[in-house]
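Here's the structure, in structure tokens; my notes come after.
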Amino acid sequence: MGDFPEIPLDPSSAALAVFRENYGFVPRLFRAQGSLPRLVEAEAALANSILYHDTAFSRIEKESRVLAEAAACGNAYCAALQWQTLLLLGVPPEQLTRLTNGDPPSTSAPTIDECLAGAWANFTCTLATGLGVAPDFAPPPLPSRIQSTAVTREFYTSNVSIDAAAFTFFREQFGFVPNLFRAQAARPDVVEAEAGMIASLLLPEDGLTRRQKELVMLVACAWDRNEYGVAFWSEVLRRAGIPHETCDQIAAGHLVGPDEPLLDFAAKLAARVPEFGEADILSLREHRYTDCQILEAIAVTALAKFMNTLQIGLGVALDFPPRPVVWPSAEKIADLPAEQPRPTGEWVPADPDLETLNAVRSGNVDAFEQLIERHSRRVYRTLVGILGDPEDARDAMQDTFLKAFQHLDNFQGRSKFSTWLVSIATNTGLQRLRERKPLESLDEGASEAEETFRPRQIRAWTDDPEQLYSQAERRQLIESSVMKLPAKYRVAVVLRDLELLSTEDAAAALGLEVPTLKSRLLRGRLMLREALAPHFTRRTSEVAN
Amino acid sequence: MISCADFMAEIGNYLEGDTATEVRLQLEQHLAHCLTCQVVVDSSRKTIQIVTDSGSFDLPDRVLKPIASEIMNRIRKEQGQI
């Protein structure tokens, strides 16, 4: 039957109904995951959004793409399932044979539907390999591995607004909307199902920890040689306190630490399919991983393959600069020195608010006041930067802390509490800005990077400008000048130069790409310079001296 | 030798100390001869310094305390403690 025992799913499960409706039965692939019903539900939702309905492509066209991809991967399980499904949908066998033979090769850039079908194929093929499920039907003859036709594409850039509700999840969990999901803005139903998959698979901590799963993602992407995935997961892990250097080492195949067996397992499943087998599952069991944890590791690796396939298909541009990764190889694993235990916890910097947070979480509501006192200035500055109105900012500050309190369970310590608060403040501020000042958008002017700024004030400034005015005068001058900046420049200046966030954190809080944030910051600083120049330039007498 | 427009295109990264050595040397070569760009760089640095040191948008305790109390009141009300 397979390497995983079948655990019956709840007969009333919506997922079972979806699979029965679309296949006429529940394929073994899904039955083998009965120990994690949340995962099966998310898979059903994802399959439903990607595959089972006609969109720009018909269901037959999409299922055909999955068959072709499964055949190209040499995956007997998925090829058999797809073959049977397409037969039932009325596709003649000779047409199916053409698909499994890999012809006709596609030469045009794939559509989003084709990319999604290809990603789903890679997802299910990885699951089938990892779970070792026997085919539901006799597999069709598969030719030797087919080389897929590479289609060069321009990197995708989306003009679609990132305010769509489907993106909220990504803002909340990652602090920004990754390009991979922005690129699918035309299919919010799919983005929502993908968010559901990430929420069901990556966030729960009842099997593997979220950190372990993100490490599996990183390793699977590295072994899949996906630059986008490596840069993305390295950044996610960096924000969780694991330095880039450590991620680079892990990605390069220097798998040290207590999770070595787990990461080695993911690496093999991601990139060395022919070698993968039951022994790998037994090995993890020997290392005391539970079947549930092993199933999660397989599904996370499959999700990495899904995202990687999609990224390549859509030609999605990197969210972060690429990591200088030396791609891992099997030899490196064999040559590694003996394991040096390194608890994952060692990589995480302590958050000064953790103790107070735990007190609040265990029922001491009053302790929350300490958090308000510690962070209210920061939250207020962020809000005044966005809203440009002190009274509005004070109101929004209340909303921010209330939201933070209500969603305290969502804070999982992946960033510092203060950073999380700033990102809630930012969302609250942006929402208010949209409601109250529809004309003052943060999103317009995508081409701002290309505009060259011409300095008008070119008289030299005095050597010690801060001595010219009292602290109060300077403050008043700065506040009124900052308030006059357009919102999108103002918020960049406030987060970076008053809040002192790093460029990356400020970009993440605003859901912007780093280059956009940098460009707005520069523009804001230069506009401020123009506004302040008349107050700080040298007097004629000074010049003469 | 680069132009003032070239310099302005890179000034953001230059102010952040975020340029490759080769580019930085070119920019500094330009700066050595261009008074206008010298003024822009110097005054931009001073702008950032003044803004950062200004303590702008800082609320005094007498304003913050009542807001904090109001937030806590709303939370306690939600929790059914009032």
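So that the names make sense, note that chain A is the first sequence line, chain B the second, and so on, each numbered from 1. Hydrogens, waters and symmetry mates are skipped; everything else that's a heavy atom, side chains included, is used.
Contact annotation for A/Leu526: only side-chain heavy atoms (C-beta onward) come within less than 4.5 Å of a heavy atom of chain B. Using a 4.5 Å cut-off between heavy atoms, A/Thr503 contacts chain B through its side chain alone, with no backbone atom that close. Heavy atoms of B/Leu35 lying under 4.5 Å from chain A are absent altogether. Contact of B/Pro60 with chain A is made through the backbone alone, with heavy-atom distances under 4.5 Å. Interface remark: A/Leu528 contributes backbone and side-chain atoms alike to the contact with chain B (heavy atom separation under 4.5 Å). Contact of A/Gln398 with chain B is made through backbone and side chain together, with heavy-atom distances under 4.5 Å. If you measure heavy-atom distances from A/Glu466 to chain B, the contacts under 4.5 Å come from the side chain alone. If you measure heavy-atom distances from A/Phe368 to chain B, the contacts under 4.5 Å come from both the backbone and the side chain. Both the backbone and the side chain of B/Gln49 come within contact range of chain A, judged by heavy atoms closer than 4.5 Å. Contacts of A/Leu521 with chain B are made by side-chain atoms alone, with heavy-atom separations under 4.5 Å and no backbone atom involved. The part of B/Asp18 that comes within reach of chain A is its side chain, from C-beta onward, which places non-hydrogen atoms under 4.5 angstrom from that chain. Using a 4.5 Å cut-off between heavy atoms, A/Arg496 touches chain B through its side chain atoms alone. Contacts of B/Leu64 with chain A are made by side-chain atoms alone, with heavy-atom separations under 4.5 Å and no backbone atom involved.
Side-chain contact check for A/Gln471 versus B/Asp53: every heavy-atom pair is 4.5 Å or farther apart. Within the 4.5 Å cutoff, no side-chain heavy atoms of B/Gln38 are placed close to those of A/Ile458. Counting heavy atoms from C-beta outward, B/Ile50 and A/Tyr469 have side chains that stay 4.5 Å or more apart. In this structure, the side chains of B/Val63 and A/Arg394 come closer than 4.5 Å at one or more pairs of heavy atoms. No side-chain heavy atom of A/Arg381 sits less than 4.5 Å from a side-chain heavy atom of B/Leu59. Residues A/Gln457 and B/Ser43 form no side-chain contact, since every pair of their non-hydrogen atoms from C-beta on lies 4.5 Å or further apart.
Interatomic distance, A/Thr400 OG1 to B/Ile71 CD1, rounded to the nearest 0.5 Å: 8.5 Å. For the atom pair OG1 of B/Thr36 and CZ of A/Arg459, the computed distance is 13.5 Å after rounding to the nearest 0.5 Å.
The pair B/Asp58-A/Arg475 fails the salt-bridge criterion, with no side-chain N (NZ, NE, NH1 or NH2) lying under 4.0 Å from an Asp/Glu carboxylate O. A salt bridge links A/Arg525 with B/Glu16: the closest approach of a Lys/Arg side-chain nitrogen to an acidic carboxylate oxygen falls below 4.0 angstrom.
With chain B as the partner, the residue from A/Val384, A/Ile478, A/Leu500 showing the most heavy-atom pairs under 4.5 Å is A/Ile478. Between chain B and the options A/Leu402, A/Leu477, A/Val482, A/Leu532, the largest number of non-hydrogen pairs under 4.5 Å is found for A/Leu402. Note on A/Gln476, A/Met397, A/Glu499: by heavy-atom pairs under 4.5 Å with chain B, the leading option is A/Met397.
Shown here for B/Phe57 and A/Met483, the closest heavy-atom pair between the two residues is CE2-CE, 3.5 Å.
Looking only at distances, no side-chain donor or acceptor of B/Arg74 sits under 3.5 Å from a matching main-chain atom of A/Asp399. Not a single donor-acceptor pair under 3.5 Å links the side chain of B/Lys46 to the backbone N or O of A/Asp464.
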Is there a side-chain contact (heavy atoms from CB on, under 4.5 Å) between A/Arg529 and B/Val40? Walk through the geometry before answering. CA-CA 9 Å; A/Arg529 190 197 75 91; B/Val40 175; 4.3 Å; yes
Evaluate B/Ser56 against A/Leu498 for side-chain contact (heavy atoms from CB on, under 4.5 Å), listing each step before the verdict. CA-CA 7 Å; B/Ser56 289; A/Leu498 283 167; 4.1 Å; yes
Trace of the side-chain contact (heavy atoms from CB on, under 4.5 Å) decision for A/Lys518 with B/Asn13: CA-CA 8 Å; A/Lys518 278 185 170 178; B/Asn13 289 330; 3.8 Å; yes
